[in-house]
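Only one structure is covered here, and it is reproduced in the block below.
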Amino acid sequence: MSVIIHFLPDDVTIHAEVGERLLDVAERAGVSIPIGCLMGSCHACTVELEDGDVIRACISPVPPGKQELTIKLFSDPTW
Ligand code: FES
């Protein structure tokens, strides 16, 4: 099943498959999420979902049960 992923603030929309890693989706969309360890421990890749949940893109797959997902990138210059 494919899910529409909407990246903010870049305002980029792309289709992704359930289970696809969000980091890979972002890469495919041309959106750059800062990365570090790629193992879920450094929090460099932290993004925020529309409901306020904060997740790490490198270990987070596209969740099932949604047709659309909005992902907000933090633009914290200290990353
Ligand atoms: S890159 Fe380190 S937590 Fe994702």
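Model, not experiment: these values are computed from the prediction. Numbering of ligands and ligand atoms starts at 1, following listing order.
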Under a single-linkage definition using a 4.5 Å side-chain heavy-atom cutoff for Ile, Leu, Val, Met, Phe, Trp and Tyr, are I4 and L49 assigned to the same hydrophobic cluster?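 No, I4 and L49 fall in different hydrophobic clusters.
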More than 12 heavy atoms of other residues, nucleotides or ligands under 6.0 Å from CD of E17: is that the case?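 It does: E17 CD has more than 12 such atoms within range.
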For a quick test of reading the model, state the closest non-hydrogen atom pair linking K66 to V3 and the distance between them.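 Closest approach of K66 to V3: O-CG2, 3.5 Å.
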Where I33 and A26 come nearest, the two heavy atoms and their spacing: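 Heavy atoms only, the tightest pair is CD1-CB, 3.5 Å.
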Do side-chain atoms of [X] reach the backbone of [Y] as a donor and acceptor pair under 3.5 angstrom?
X: E48; Y: V54; result: no
X: D10; Y: V12; result: no
X: R56; Y: H43; result: no

N/O/S atom of C45 inside 2.8 Å of atom 4 (Fe) of ligand 1, strictly under: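 Under 2.8 Å: C45 contacts atom 4 (Fe) of ligand 1 through an N, O or S atom.
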Are any N, O or S atoms from C37 nearer to atom 2 (Fe) of ligand 1 than 2.8 Å?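 Short answer: yes, at least one N, O or S atom is under the cut-off.
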Please determine whether C42 has a backbone or side-chain N, O or S atom lying under 2.8 Å from atom 2 (Fe) of ligand 1.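 For C42, the answer is yes, given that an N, O or S atom comes within less than 2.8 Å of atom 2 (Fe) of ligand 1.
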Under 4.0 Å, heavy atoms only, figure out whether ligand 1 is touched by the backbone of A57, its side chain, both or neither.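 Answer for A57: neither.
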Ligand-side contact atoms (ligand 1) for residue partner [X], heavy atom cut-off under 4.0 Å:
X: S41; result: 3 (S)
X: L38; result: 1 (S), 2 (Fe)
X: G36; result: 1 (S)
X: H43; result: 2 (Fe), 3 (S)
X: G40; result: 3 (S)
X: C58; result: 1 (S), 3 (S), 4 (Fe)

